[in-house]
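This is a predicted model, so every value here is computed, not measured. Protein chains get the first letters and strands the later ones, always in sequence-line order, with residue 1 at the start of each.
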Amino acid sequence: MKHFKETLYDAVCQEYRVDKLYFESKTEHQHLMIFHNAQLGRVMTLDGVVQTTEADEFIYHEMLAHVPILAHGKVKRVLIIGGGDGGMLREVLKHPIEQVTQVEIDQAVVDMAIEHLPNHSAGAYDDPRLNLVIANGFDFVKNTANSRDSKFDVIISDSTDPIGPGEVLFSEDFYAYAKACLNDNGILVTQNGVPFFQEDEVQNTARRMQPHFKDRRFYCAPIPTYYGGFMTFAWGTDNLNAISVSPETLEKQLEQLNLATRYYNAGIHQAAFALPEYIRSAVARA
Amino acid sequence: MNTIGGHDTRPLRCAPDSTLEAFYRALIAQHGSPLLVFDKAILRQKFRALQSALPGVELYYAVKAHPDQHIIEVINQLGGGFDVASAGEMDLLLEHKVSGRRTIHTHPIKKDQEIRDALRFGATTFVVDNLHELRKLVPYRSRVGVLLRVSFRSSSAKVDLSKKFGCAPNEVFDLVSNAEALGIHIKGLSFHVGSQCLDASKHVEAINECANLIKTINQGASRPLSVLDIGGGFPADYELTGLDIDAFCAPIRSALASLPSDWHIIAEPGRYLIAPAVTSITTVTGLSRRGGYQWYYLDDGVYGSFSGQIFDHAVYPLQIFKTGAPVASIIAGPTCDSIDVIAEDILMPELEIGDLVMGLQMGAYTAATKTRFNSIPDAKLIVVDSREQSAK
């Protein structure tokens, strides 16, 4: 395949030139590729959908990692569901946390990413604070919710699309179990699609999360290769102070950290919760 | 069938051809009998012939006609698209890394899981013919483009595909406005006039009717329809009369020429492309003289490669490498069932055990519908490329 054509939408599609194919695997129902593109660096695709590119992954990973961790302010334990490419882990480990548990369904994804997308994890998989669990993310939160195991301050769901292996991570049961895996002030964030093209997705999540969190909302950022404008991230917590963390507090925290971010900053943190009207009204109609 | 004298009037070629016979015998020596021999060169030639007979029409090979990976590989190399109807067919395409953008999912009736599988594979074009099916697409409405299948019955087609699927032309307007209300975009119409059509008159009628429907809808549509899927129905040459596909398609060409140039015209050929590219090779394994007939028992029959004689109502031309006085004969398959007869009361030169009997035009709906009856092994598909062979 000399060109990759995304298959998300019938009437429009983005096309990438494949400059060098690094990795390709096709199992019975799954087709994964990692290739180089002159404009975007290394690109990973799954089942005809762009998952991540070296050029713009920073926006996505910074916004899912730093927003909840800094809003919470005292994070010690983080849970990442999915995120096999390691980019989320890399960003989370920039914080002085005690432990991060990452639950990935397939060890092969981690191994493949370390080999073919090395800049994503950038050594993060060697960090002693990591507890890597190879398991189904849904089963993991279900079992943890029903156990006496330690809970988490932040849970990040870095999943694939709802059509495909990530389907259960968008179910109401998942949100309920995730909630039960959070400490009192804990925050759940999830990737939630591009509502300009996938309005149903943000509405489904709004409905399914609503019963389980006192504060359920969305924030957003534009990730160029998740074509269609803003991507939304779902936010669920019973910690009503998390949303109103002041710019001064954020600035002070950022000064003590060395996040070296390229998208996230204190201003973006606050601004990201302001939703464009088409997204705000879609959520309101859910 | 009481009088003996050749009621089976299918084409039968009886002539020695030592080169061809030696070639087939060598294949059998290597791979066993029975076989299906797929000649890639013929498929390439038919694909190009149909492309030039229908310029500007995108061709989607109907995978169901013969879901084989070697056949898919050739269509893929030619840049053709694929018409699929199941997850199994999509898995075959995945083997060759065919992009979902080059496929259309054409089964009008689907389970939710089948829709999800198709979307994961990357097929975003779906076909529906009623409101129940439209509703199933609501959760995926931002991603899909829908073709509405309209039914036009063809009296000349051997297999009538409008009996089971397709809405009546007068239902189209309601379905389009229902879809609009559900937030689903109907991007065009499709039809199937039937399989193995004798002429293109029904295609032309359906093209004209669909064009009128689309034009009427587009007068008030916020999202215009722009796709017309003219289905299949392009015939195979079962009579060996030297079918001229260009002449067959001439009326279709002129009907399409009058359509707006910004419409997308697509077709789903299966039989025309693949039927002539596959030859069945069987061996006479038994002889008998019964009820005045010479009986021949072959190692393949209607439960195997000749299953199309039951399911597809096809009658395949036969070829033998013998000449001689015609004898009233019956050619039967290898299973224990008495329905397993390939040719009843056919006049042909006498054969011996070990002689070859070839079935011609046997690429479409043959192996695709074979059964496992009697646990008799399948005919293996052997790939040859006559262009390469003649070049050697």
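Interface remark: of the candidates B:Val146, B:Leu119, B:Thr125, B:Thr125 forms the most heavy-atom pairs closer than 4.5 Å to chain A. When A:Asp161, A:Val49, A:Asp47 are compared by the number of non-hydrogen pairs under 4.5 Å with chain B, A:Asp47 comes out ahead. If you tally non-hydrogen atom pairs under 4.5 Å between each of B:Gly122, B:Ala87, B:Gly100 and chain A, the highest count goes to B:Gly122.
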Tell me, with the steps shown, if B:Lys97 and A:Glu24 meet side-chain contact (heavy atoms from CB on, under 4.5 Å). CA-CA 10 Å; B:Lys97 302 167 196 166; A:Glu24 181 165 29; 3.2 Å; yes

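Heavy atoms from other residues, nucleotides or ligands lying under 6.0 Å from CZ of A:Arg17 number 12 at most. The number of heavy atoms from other shown groups lying within 6.0 Å of CD (B:Glu180) is above 12. Summarising the local packing, NZ of A:Lys142 is surrounded by 12 or fewer heavy atoms from other residues, nucleotides or ligands at distances under 6.0 Å. Residue B:Lys111 qualifies as open at atom NZ: its count of foreign heavy atoms under 6.0 Å is 12 or below.
Using a 4.0 Å cut-off between charged side-chain N and carboxylate O, B:Arg116 and A:Glu167 make a salt bridge.
Closest non-hydrogen pair, B:Arg120 versus A:Ile163, comes out as CG-O, 3.8 Å. Smallest separation of non-hydrogen atoms from B:Arg101 and A:Glu6: CD-O, 3.2 Å. Across all non-hydrogen atoms, the minimal contact from B:Ser99 to A:Thr7 is OG-CG2, 4.2 Å. Shown here for B:Thr124 and A:Leu8, the closest heavy-atom pair between the two residues is CG2-O, 4.2 Å.
With a 4.5 Å cut-off on side-chain heavy atoms, A:Lys5 and B:Arg102 do not count as touching.
Remark: B:Leu93 CG to A:His31 NE2 distance equals 12.0 Å, nearest 0.5 Å.
Near-neighbour residues of residues 134-144 of chain B relative to chain A, defined by a heavy atom under 4.5 Å from a heavy atom of that chain, comprise B:Val138, B:Pro139, B:Tyr140, B:Arg141, B:Ser142, B:Arg143, B:Val144. Within residues 274-286 of chain A, no residue has a heavy atom under 4.5 Å from a heavy atom of chain B. Heavy-atom proximity under 4.5 angstrom to chain B picks out A:Phe197, A:Gln198, A:Asp200 from residues 191-207 of chain A.
Taking the salt bridge (charged side-chain N to carboxylate O under 4.0 Å, His left out) definition, one finds that A:Glu57 meets it with A:Arg90, sequence neighbours left out.
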